[in-house]
Amino acid sequence: MASSGPARAVDTQLSGFATLPWRKIILGILGATISFVVVVGAFKTLTLPQAERYSGDFWVDQVVNGLGQGAILALIALGYTLVYGILRMINFAHGEVFMAGSFISFFFADAYLESGFLNNQPYTALLILFVVSIAASTLVAVLLERIAYRPLRNAPRLVPLITAIGASLFLQNAFRGFFGAQPRGYPLPDILRGSIELFGIKVSKVQLLVFITAIVAMLVLQAFVNRSRTGRSMRAVAEDSEIASLMGIDVDRIVVITFVVGGILAGIAGVLFALTFEQVQFTMGFKPGIAAFTAAVLGGIGSIGGAALGGFVLGLLQAMGPPLLLTGFGIPSPFSLKDAFVFLILILVLVFRPGGLLGSGEAEKV
Amino acid sequence: MSPALLEVDGVTKRFGGLSALNDLSFSVGDGEIVSIIGPNGAGKSTVFNVITGLYPPDEGDVRLRGQSIVGLSPNRITKAGIARTFQNVHLFPNMSVLENAMVGQHSRSKAGVFGSIARTPRVRREEAVIRQRAEECLGFFGKRLAGYRQDQPAFALSYANRRRLEMARALATDPVMMLLDEPTAGMNPKETLELRDHIVRMRDELSLTVLVIEHDMRVVKGVSDRVVACDYGRKIAEGTYEEVANDEQVIEAYLGKRHEELG
Amino acid sequence: MRAEVRIGAIAGVVTIFLAAVGLIGDFTNLNLIGEQVTFAGLMLVLPPLLAGYVATTPRIEAGQVIEATRARAAMVGAVTGASAGVVFAAFVVFVDVFGVERVRAIFLNISPVLMDFLLRGRPVLVAAAILVAISTISGTAGASYRVLPDAARRPLGTAVWVTLLFGFLQRIIPIALDQLDVERDWLYSKVTRGLTWPGAIIVAALAAGASVLKQHRGAAMRRAVSIRPSSDGGGPRLTPVNALLLLVGLAVVFVAPHVVGSVISEVLGTIMVFALLGIGLNIVVGYAGLLDLGYVFFFTLGAYSLALLTGATLNTFVGSSAPVIALDLNFYVAIPVVVAIAAFAGVLIGAPVLRLRGDYLALVTLGLGEMIVVLVTSPWLTPLVGGPQGMRDITNAAIGNFGFRDPKHFYYLAFAFVALALFVSWRLANSRIGRAWTALREDEQVADAMGVSTTSYKLLAFAMGGAIGSVGGALFAVKIGSLTPASFTVLVSIQVLGIVILGGIGSLPGVITGSLVLVGLPGLLREFEEYRLLAYGAALVAVMLLRPQGLVPNVRRSRELHEEDREQDKWAGDIAADEHVAPGISPLGEGAG
């Protein structure tokens, strides 16, 4: 041990360079740039010459669209947030759970259109579509849990995430193998065509259905989690699964129920999404999936209210952000950058406020 | 008069509403062995975490040779000369015993990307020095961590050897000051005695200053130049072992605790 | 018996799945051996065979391994196979009764061809009975294989898989033989395109022979080629036998494109590009332990920046036009610039996001990968990178007049870069830097407390990985000669991740193996193109469930991935529970425990 030498000099001298809080500086510059873009972009867009400026109606439409899509995102986001709350894992394949419901219900909708049932008995038909979609989504969610996730419950954190990515790819391509790659037109019952005037705002009937269904589903979920015995068990497992299991709660069962609930919500979202965009395809789960995850993080992942709020906020941002911020800079067709916009929001939230809107700002150790 | 090696000055650390540390001050001089004692939950490990930069203190200052080290990242503080071990042993379990110790030398070596790729003579020499230092540090514990054991993954070691390896790894950072967090926890009486000697040897042979959190009063008595007693994040007594052991407040802190436990 | 029936039923459902995605119906004419062994047939037999094998897994009772007796195994296998057969036969009967065309209106791949293959013109119940019988035999065979003595089992297994592999490689081996002017009709039939029966028997015999040889002389052989670490810590030293093997290997690598022809050379080139990407991502994921799902970012950045630096033009509907930024550098001047750009971008992006926890980081990088794809497609950047039409006239990296666009030539260019990247990666892994990465990966906070600046080393990994990935992109651009955004999707990221994971996280031989398997096989078996991604997904899941360390594991990494088996320091943790630590911010709670 001779080489350690006695009384080594203490090296606390720091060069000025190293003491600078680099991360804060970079974040500061980033934040300033973004604020600048937001303010200037919005100002420029809103003060464009009359001929090029968006009309007031355009913005009203964007708000309505944004809320409609936000409702769907919120439903999917709840699936992410529930699973995350219980297992602390990102169920990357949740977008495919949603796709499965949507796709399977298509075959029923298509058959009902041909037989006339869809327009003769639209309420019954829609109800059946929801039931079918929910069943398909739930089945996929439960199979996922059983086959892909349960054996990895105690594995290092990234292992189930990789599995989830694999499962997502597998499910997409299995559906492609079953049903083909081309997009299919989802039929809309006649009663949902057209729009109605609501408080002087034109709202399409589909959007109204989306909105109402989503709100009802969320209220039911809230009541289930807060009031029912099972909901209480879920909250207990989310708090500490080890202690919960010592208290006699069957953790496996709660996990399955969580996936079932996520599946139900995704199934509802599946039909609503298909009715809104009138199209289904095997790749349809990916982007809404990511957007919904973003919504969950935006609201504060693990929190039910947060996921709902995040969904609506993201829906609005998605609908209004690109035209508001980008048009002013003369960037053509701002909506083509919508997806990039979502990812940008995801990154910014995680960097600046990883706990989300409703989180503490620090939430988990990040 | 030159400042003490380490000064903890009025440090307060709160977690939520709880104060883990409350206006805590003490100092450690060159070549001293100072023990921190206190009942469970007294905030002892939090002191270590604040000193080594894992938590920023809410109030107060920590100075090494008169210079504040608050706000530095843990790796900078290690480079400045403070090494530590952890209460529940934290090794790199899948690295070999030797590699664990070699990581300790990280901040004392320089090889960069291009040097490492080209493996220049300078980098080779440096690597040889790292290895030699790591072996010396493992050698501090005699035959315990020598020979074939050096190539075993760390997780394969016995519990006591893991504690020793953690200390060897800390020694390999070439510190001026060593923070030991309950080094004898979970050890049997023979191992505890051996460890007591190691702590004394760290000061006598390696000229290190040692700050140790310890529960075992025989160890505290055997090694300490001074003892700091804490309860609820406050310093309740400071002095020689005998002074602290006979302090009313200290006795009450321990006995009171016991009364509560007995219900 | 219930367990057997369950496993069998699962196998039956798997067979139905294979039929429904088209893996049976599309391949009734893909002959592997003679006209009898087709790929479709294999798909039919494989699930019950595996089920029989799985159903006879030795049980552990009271600490003792209990293997089934032969008779019992055969019985278990038969039951398992039969249940699989019944499930599948029920499906066939259902489709036949319900009408193929009606099922096909939904399930596109349940086609008349499939039904003809399954029924062979026989009445449906007879055909169903035959299917059950085939399945039962397969199940029994799978179970019997398990209880064969080792001396017979290994050669048999080897013979079967090697022969089937030869059957699959019917597009490659005959071409190679033709190029070498070797008579090949005895091995591969020109009519069925697959192996002939005599050829198959010879291949099987050779494979079995090799297996027997390995069993008897294996230890000596391994000793001869094993790599011993040298005493000075300077890495492995070559033994004479190794040197010889290395020379032979290099010779094969060097003549390969001239033996296998242009088509396969092209595939080899793609393998090289992906190997390069794999090596880069391996630094990020394997060494530093950061899951990056947006690796396509660097691939795209490399490809487009090379194109812009070397004077490529934009594709437009009326021809080509110059981009708004056009430089005209030589390829070999441009590459260092590309690498610098990518490394800089890596640092710039990494700085804000690298402090995020693992799974968040994964999602953020995924987002970054998607963003760059959206950006290169967007009308906004069309004047720079051509938008959806992309760019063309990319340099062929010529040295003098020798261009590298031709697949046979490109191979050498790519090979040089792969070799360089392997060298860089290997040297880094075995250095002070590699040690810091390992420490960081194993326990970030402790690494920090031991003097490793975690942020710098994460950034370094990100930048190194990005630099290598950008070279992959640049080479891809040279290989293709033109760029369209369609080549740059999130699937690239996932594909490269698949290579790293299947091969073995943190293992360089693994990366090479991974790219051979995941890029090479689909590239060579063009018939399976449609099923490539399905197989990727299944492989990712299967590897994580069954063999998380990958095919060619890195020893230390594989220990980490099995950490749940060892409750490290559980008891130490019990002894010491001293601190008030607020929920969620316990810095030392997560890592090793």
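Quick note on labels: first sequence line is chain A, next is B, and so on, each numbered from 1. Note that these values count all heavy atoms, side chains included, but never hydrogens, waters or copies made by symmetry.
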Inset, instruction - Decide if atom OH of C:Tyr332 counts as having more than 12 heavy atoms of other residues, nucleotides or ligands within a radius under 6.0 Å. - result: yes
Legend entry - Inter-residue atom distance C:Asp443.CG - B:His90.NE2, 0.5 Å rounding: 6.5 Å
Legend entry - Heavy-atom closest pair, residues C:Ala439 and B:Phe92: O-CE2, 3.4 Å
Inset, instruction - Would you mind checking which part of B:Gln105 comes under 4.5 Å of any heavy atom in chain C, side chain (CB onward), backbone (N, CA, C, O), both or neither? - result: neither
Inset, instruction - Output, in order, the C-alpha distance, side-chain angles, deciding distance and verdict of side-chain contact (heavy atoms from CB on, under 4.5 Å) for C:Arg441 and B:Asn94. - result: CA-CA 10 Å; C:Arg441 191 178 74 208; B:Asn94 301 299; over 6 Å; no
Inset, instruction - Begin from the C-alpha positions of B:Glu127 and C:Arg435 and carry the test side-chain contact (heavy atoms from CB on, under 4.5 Å) through to its verdict. - result: CA-CA 11 Å; B:Glu127 193 69 11; C:Arg435 214 160 38 232; 2.8 Å; yes
Legend entry - Pairwise distance CG(C:Leu420) to CD1(B:Ile117) - rounded to 0.5 angstrom: 8.5 Å
Inset, instruction - Check each of B:His106, B:Arg169, B:Glu166 against C:Met450 using the side chain to side chain contact (heavy atoms under 4.5 Å, CB included) test, and report the only one that passes. - result: B:Arg169
Legend entry - Winner by heavy-atom pair count (cut-off under 4.5 Å) against chain C, out of B:Ala128, B:Gly115, B:Ala111, B:Gly104: B:Ala111
Legend entry - Nearest-0.5 Å distance that lies between atom CG in C:Asp448 and atom CG in B:Leu54: 7.0 Å
Inset, instruction - Check whether C:Ser425 gets within reach of chain B through its side chain, its backbone, both or neither, counting any heavy atom under 4.5 Å. - result: neither
Legend entry - Option in C:Ala436, C:Ser453, C:Gly434, C:Ser431 with maximal non-hydrogen atom pairs under 4.5 Å from chain B: C:Ser453
Legend entry - Distance-minimising heavy-atom pair for C:Leu428 and B:Val113: CD2-O, 4.1 Å
Legend entry - Pairwise distance CZ(C:Arg432) to NZ(B:Lys110) - rounded to 0.5 angstrom: 9.0 Å
Inset, instruction - Using non-hydrogen atoms and a 4.5 Å limit, figure out which bit of B:Ser116 sits close to chain C: side chain, backbone, both or neither. - result: both
Inset, instruction - Under 4.5 Å heavy-atom distance to chain C, tell me which part of B:Ile82 shows up: side chain, backbone, both or neither. - result: neither
Inset, instruction - Taking all non-hydrogen atoms of both residues into account, name the closest pair between B:Pro93 and C:Glu442 and its distance. - result: N-OE1, 3.0 Å
